[in-house]
2 protein chains.
Amino acid sequence: MGRWEPDARDRLVRAALDLFSEQGYENTGVAQIAERAGLTKSTYFRHFRDKREVLFGGQDELLELITEGVAGAPESAGALTAVEAALVAVAVAFTEERRANGPRRLAVIASNDELRERDALKMAGFARAMKDALRQRGVSELDADIAAELGILAFRRGYARWLETGGDFAAVARRALEEVRVAAASLERPHPSN
Amino acid sequence: MGRWEPDARDRLVRAALDLFSEQGYENTGVAQIAERAGLTKSTYFRHFRDKREVLFGGQDELLELITEGVAGAPESAGALTAVEAALVAVAVAFTEERRANGPRRLAVIASNDELRERDALKMAGFARAMKDALRQRGVSELDADIAAELGILAFRRGYARWLETGGDFAAVARRALEEVRVAAASLERPHPSN
DNA sequence: ACGGTTGATGAGACCAAGTCCCATCACTTT
DNA sequence: AAAGTGATGGGACTTGGTCTCATCAACCGT
C-alpha cells in the first residue's frame with residue numbers, strides 16, 4: 001500500500017471542519033478544502049462521496065457496533081435492554097479526539113439545512129439498524145420500532161451530555177436511556193400540574 | 001394575479017411524479033420535468049427550491065396544523081393526548097387525491113438516498129414542531145421529546161396504513177397512536193417469550 | 001539493482017443542479 | 001390607451017459530482 005503524506009483522509013476532515021467554521025459551509029468549496037489539505041478535488045471525492053460526508057465519517061462503524069451490540073445482548077434481555085447493550089457497544093468509537101471536535105461539528109451542522117438533512121438520515125439509519133437487529137431477536141415490529149426510537153433519543157441526549165461533561169460515553173448513554181425509559185413508562189398518565 | 005395555464009405548480013408535481021416513476025429519479029432532469037409541464041427550468045425553481053422538494057409540497061401547512069393541534073388540546077390533557085390532537089388536526093390535509101399519489105410517491109422516495117434524506121428531515125421537522133408546542137404547554141424537555149418521537153412513529157405507521165385502507169386519516173392515526181402508547185407503556189418489562 | 005505491479009493521486013473534460021439578471025408577455029388598473 | 005404587476009422565458013454563470021486517463025511513489029519478485 002503506497003503512500004506519500006499519510007492520513008490524507010484525516011487532513012481533509014480537519015481542513016473541512018476548519019474552513020466550515022471559519023467561513024461557513026456554503027462559502028467553502030470542495031476544491032478549497034482539498035487545497036488546504038494539500039490535495040485536489042479528485043482526491044477529495046475519492047475519500048468522500050459528497051461535500052457533506054466529510055462531517056459524517058465513521059457511520060458504517062457505528063452501524064456495525066449497533067447491530068452487534070443488540071445481537072450480543074443476553075437471550076433473556078428485553079428490547080430496551082438490548083438497546084442499552086447497543087449504546088454501550090458503540091462507546092468504543094467515542095474517543096477524546098472525537099469529543100474535542102464535537103462542538104464545532106455540531107455548530108456547523110446546525111447552521112445548514114443540507115447538513116441537518118444528512119444528520120437526520122444518519123440517525124434514521126441508526127434507528128433502522130437497531131430495529132432490524134431487534135426484530136432478529138424476535139421482538140415484534142411495533143416494539144422494535146418504539147425501542148429503537150427511544151434508543152436513538154437516548155443516544156442523542158447522551159451524546160450532547162457527553163460533549164459537555166466528557167467521561168465514559170457508555171456510562172452517560174446508559175443514564176440517558178434509563179431516564180428515557182422511566183419517563184416513557186409514566187407518560188400516559190395525565191401530567192401533574194404545570 | 002395574472003395566469004396563463006393555471007395550476008403551474010400542480011402540473012409540475014404531476015409531471016415530476018410521472019417521470020420519476022417512469023424513468024427513476026436520477027435519470028430525470030429538472031429541465032425535463034419543466035418541459036413536460038409546459039414550463040421551463042427557471043419557472044420550476046421559482047416554485048420549488050430544489051429537485052427534491054417537488055415531492056414534499058405542503059409541509060408548512062402540516063407544521064402549522066401540528067402546532068395548532070397541540071396548542072388546542074384541552075388544558076388538562078397529557079403530552080400524548082396533545083399529540084393525539086395534533087394527529088387529528090393534521091388529518092384535514094390528507095385528501096383522497098393525496099392518498100392516490102401516496103404509494104408512487106413513497107416508492108420513489110424509497111428508491112433514492114437524497115430523497116430519503118429529505119424525508120428524514122421533514123419528519124424531524126414534524127417532531128420538532130410537536131416538541132416545541134408541547135414545551136409551550138409546560139411539558140418537560142424529556143417528556144416532550146419522548147411524546148413527539150412516539151407521535152411521529154404513530155404518524156408514520158398511521159400514514160402507511162391509511163394508504164392501504166383509506167378512510168379517515170384521523171381515525172387511523174388515533175388507533176396507531178393508541179397502539180404505540182400501549183406498547184410503550186409495557187416495554188420495560190422483559191418480553192414474554194417469542 | 002532492475003523492471004513490473006499496485007494503489008493513491010493529479011488533471012481536465014463533462015453534466016446537471018442551482019443562482020442571477022434581464023427581457024417579455026398576459027392581464028389588470030387608471 | 002398607457003402604465004403597472006406578476007408570472008414566465010432565456011441564457012450566462014458557478015459549483016457539486018462523475019468519469020477517464022496519465023502519473024508517480026512505494027513494493028515485490030527475480
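When reading the values below, keep in mind they use all heavy atoms of this one structure, side chains included, and skip hydrogens, waters and symmetry mates. The model shown is predicted, which means the values in this text are computed figures rather than measured ones. Chain letters run A, B, ... following the sequence lines, proteins first and then strands; every chain starts at 1.
Atom pair A:Glu35:CD and C:dG10:P shows a separation of 12 Å (rounding to whole Å applied). Whole-Å rounding puts the B:Leu12 CG to D:dG9 C1' distance at 14 Å. Atom CD of B:Gln32 is separated from atom C1' of C:dA17 by 14 Å (rounded to the nearest Å). To the nearest angstrom, C1' of C:dA17 lies 15 Å from CD of B:Glu53. Rounded to an integer number of Å, the gap from CG of B:Leu39 to P of C:dC25 is 17 Å. In this structure, CZ of B:Arg11 is placed 14 Å from P of D:dA7, rounded to the nearest angstrom. If you measure from atom CG of B:Asp7 to atom C1' of D:dT8, you get 16 Å, rounded to the nearest angstrom.
An OP1 or OP2 oxygen of D:dA7 is reached within less than 4.0 angstrom by no side-chain nitrogen or oxygen of B:His47.
Salt-bridge formation is detected for the pair B:Lys122/B:Glu53: a Lys NZ or Arg NE/NH1/NH2 atom is positioned less than 4.0 Å from an Asp or Glu carboxylate oxygen.
Remark: the backbone N or O of B:Leu63 is paired with a side-chain donor or acceptor of B:Thr67 at under 3.5 angstrom.
By the 6.0 Å and 45° rule, A:Arg9 does not stack over the aromatic ring of A:Tyr44. Stacking of B:Lys51 on the aromatic ring of B:Tyr25 is recorded, both the 6.0 Å distance cut-off and the 45° axial limit being met.
Checking each of B:Arg105, B:Arg104, B:Arg11 against B:Asp18 for a salt bridge (charged side-chain N to carboxylate O under 4.0 Å, His left out) leaves exactly one that passes, namely B:Arg104.
Between A:Phe94 and A:Phe169, the angle of the ring planes stays under 30°, which puts this pair in the parallel group of the 30/60° scheme.
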query: How does protein contact run along nucleotides 10-22 of chain D, one letter per nucleotide 5' to 3', with B for base contact, S for sugar-phosphate only, - for none, heavy atoms under 4.0 Å?
result: BB----SBB----

